[in-house]
Chemist: 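Following this message is one structure expressed as structure tokens.
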Amino acid sequence: MKPYLLGIDIGTSACKIAVFNREGTVIDSAAGEYEVYYPQPGWAEQDPEEWWRVICSTMKEMFAKSIVNPEDIAGIGIDGQSWSAIAVDKKGKVLTNTPIWMDTRAFSICRDLNETVGAERIFQLSGNSLQPSYTTAKILWYKEHMPEVFENIDKILQSNSYIGFKLTGHMTQDISQGYGLHCFDMHTGTWNKEMCEALGIPSHILPDIYSCHDVIGTVTEEAAKESSLLAGIPVVAGGLDAACGTLGAGVIHTGETQEQGGQAGGMSICIDSYKADERLILSYHVVPGKWLLQGGTTGGGGVMRWLEKEFADYEREEGRKTGKSSLDLFNHLAQAVNPGSDGLVFLPYMAGERSPIWDPNAKGVFYGLDFGKKKGHFIRAAMEGVAMSLKHNLDVAKEAGAEVDVLRAMGGSANSLLWTQIKSDVTGKPIVVPSSDTATTLGAAMLAGVGVGMYLDFEEAVKMTVENKRYHVPNQADREVYDRNYKMYRSLYENLKDMMSEEGEQ
């Protein structure tokens, strides 16, 4: 068996590529950025061909400097962002940019379908309420607004399945990304033709469904030339980025829970039976026989990325002088502020909001400003607001019957000791941080490892690769101030949502 596994992560702002050995150690890694386009209010889209170009250029740069020889890669796993709707023709040509998970342009389509087809009927089959963020509405948006695109669709692909196609020439659909389409039967893991007809989605544009660790093909000669990979390397179907990150964080047993700190925020609770709630998100895990009850929010690490981009000119300059990152300096500013940010409360609804409020018109809000507030207050309040969105989802999950004891953190936000501690304090949950901050690419690589036989099963894969690095325990001394701010957090949205809705309809 060749010694290495390759994981590819198609994130919202960048692709990440990492080579792992059998023990889960990162041997080499690289990242490449690409654009998110916002052509109109409520729209957020990307060019899948740009993903592929950046993946190839990043791969070439990595291998040019790496000790790793592509000949030593045993298998490739791919994970990707959720709810793409990549329209390709028979030759695999991308027909238009894909709306991504933040896109809410199809709000009226969802409203109409929930009335004509029936919101309860849709939910009972798919386990998810019909919302504009999902793939379903985006396909139907093509049908209504881009008929020339819709008529030429051969298949609708997800982010990871598109890259899988570019590598192997095979168009597929992995089971963990099926939840993006409401003609996917969450009870059986199959397409439901009756619901396809009811929704107006031609069943022939839906690829065959594969388990996430199934080998879908091997790297073609053409893909090898473009990417510097070796032709013939097995490629598995891969899966949803949150699900792969959940695997990479070691969550494979019922009740174990991943806390997501990437561009988006949220949590994924591993369950062993169908358990849906209209306020949350239900998908198949990348691990066979398991589901994930998820909370997915728009305000995660992306909030800090936005703050750093717009307000960290001074910190970037200081970082160049001191050798520290601007985000580290942000952490120092936030650390100096009292828990509760002296009454400054932040709603992290920076692109509308997904679960549990499902409001595409929701807006980001800072409340409680006065002349005593400094930059550190804004940073800490942002951290606390994201933590409160996590608590909101956990509270709803508890109402749905999914109790959580411990969170296992992943994503860039988990590198911040302060932010992780804030999440523990706000939620009242202990948090474990695994040793690798590349949990998502590791999860993708683990799928490849199981698929090609490097690991006997997922139990062995987790046992060999996942090691706990840090533990955070809730600080009870701050419970009162966080509970007070959380009540304000919930009240602010309830009091502002009508105003937000009126503005969104203009």
Side-chain angles (χ1 to χ4, degrees), residues 5-19 29-36 45-60 62-63 70 73 75-88 91-95 97-98 100-101 135 154-177 180 207-210 212-231 233-245 286 440-448 451:
L5 297 167
L6 178 69
I8 300 173
D9 169 36
I10 305 112
T12 304
S13 57
C15 71
K16 297 177 183 177
I17 300 167
V19 178
S29 63
E33 295 185 350
Y34 35 69
E35 293 293 323
V36 180
E45 60 186 41
Q46 290 185 308
D47 179 1
E49 292 181 342
E50 188 176 357
W51 295 340
W52 175 243
R53 289 193 297 270
V54 172
I55 287 170
C56 288
S57 62
T58 303
M59 198 104 65
K60 285 182 177 179
M62 182 185 74
F63 282 127
I73 294 174
I76 300 172
I78 313 159
D79 74 81
Q81 56 180 278
S82 61
W83 302 342
S84 297
I86 303 167
V88 298
K91 294 183 179 180
K93 179 183 177 182
V94 176
L95 299 171
N97 282 358
T98 179
I100 63 171
W101 58 272
T135 299
D154 181 59
K155 289 290 184 286
I156 289 288
L157 300 179
Q158 296 302 311
S159 54
N160 54 298
S161 60
Y162 175 72
I163 300 304
F165 162 70
K166 294 296 288 185
L167 287 169
T168 68
H170 297 292
M171 297 187 191
T172 61
Q173 166 75 52
D174 78 273
I175 196 167
S176 73
Q177 289 271 27
D208 291 339
I209 297 172
Y210 288 77
C212 299
H213 64 285
D214 282 347
V215 175
I216 60 171
T218 60
V219 175
T220 64
E221 293 286 352
E222 181 180 357
K225 290 177 183 177
E226 293 184 61
S227 65
S228 293
L229 290 167
L230 184 72
I233 300 174
V235 180
V236 298
L240 171 67
D241 54 2
C244 284
V286 292
T440 307
T441 44
L442 174 60
M446 289 162 71
L447 289 176

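Computed from a predicted structure; not experimentally measured.
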Chemist: For Glu222, does the CD atom have more than 12 heavy-atom neighbours from other residues, nucleotides or ligands under 6.0 Å away?
Modeler: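 Atom CD in Glu222 is not crowded, with 12 or fewer foreign heavy atoms closer than 6.0 Å.
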Chemist: Determine whether Met171 and Asp154 make a side-chain contact, defined as any pair of heavy atoms from C-beta on separated by less than 4.5 Å.
Modeler: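 Counting from C-beta outward, Met171 and Asp154 do come under 4.5 Å.
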Chemist: Is a side-chain N or O of Thr58 found less than 3.5 angstrom from the main chain of Val54, in a donor-acceptor match?
Modeler: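 Present.
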Chemist: Does some side-chain heavy atom of Ile10 sit less than 4.5 Å from a side-chain heavy atom of Ile55?
Modeler: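 Answer yes - side chains close enough.
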Chemist: Between Ile216 and His170, what is the shortest heavy-atom contact and its length?
Modeler: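 Taking Ile216 first and His170 second, the nearest heavy atoms are O-CD2, 3.1 Å.
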Chemist: Test your reading of the model: is there a side-chain donor-acceptor pair from Asp174 to the backbone of Ser161, 3.5 Å cut-off?
Modeler: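 The answer is no, because no donor-acceptor pair under 3.5 Å joins these two groups.
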Chemist: Any side-chain heavy atom of Glu226 sitting closer than 4.5 Å to one from Trp52?
Modeler: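 Answer yes - side chains close enough.
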Chemist: Should Met446 and Val286 count as side-chain neighbours, where that means a heavy-atom distance under 4.5 Å?
Modeler: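 Not touching, per the 4.5 Å side-chain cut-off.
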Chemist: Donor-acceptor pair, distance only, cut-off 3.5 Å: does the side chain of Gln158 make one with the backbone of Ser84?
Modeler: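 Side chain of Gln158 to backbone of Ser84, a donor-acceptor pair under 3.5 Å: yes, one is there.
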Chemist: Can you say whether the rings of Trp51 and Tyr34 are parallel (under 30°), tilted (30 to 60°) or perpendicular (over 60°)?
Modeler: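 It falls in the tilted class, 30° to 60°.
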Chemist: Counting only N and O atoms by type, is there a donor-acceptor contact under 3.5 Å from the side chain of Ser227 to the main-chain atoms of Leu229?
Modeler: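 Side chain of Ser227 to backbone of Leu229, a donor-acceptor pair under 3.5 Å: yes, one is there.
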Chemist: Looking at Thr135 and Ala85, would you say the former's side chain and the latter's main chain have a donor-acceptor pair under 3.5 Å?
Modeler: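 Pair absent, no side-chain N/O of Thr135 close to backbone of Ala85.
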Chemist: Under a 3.5 Å distance rule, please check whether Ser159 uses its side chain to pair with a backbone N or O of Gln81 as donor and acceptor.
Modeler: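 Indeed, once roles are kept as given, a pair shorter than 3.5 Å links the two residues.
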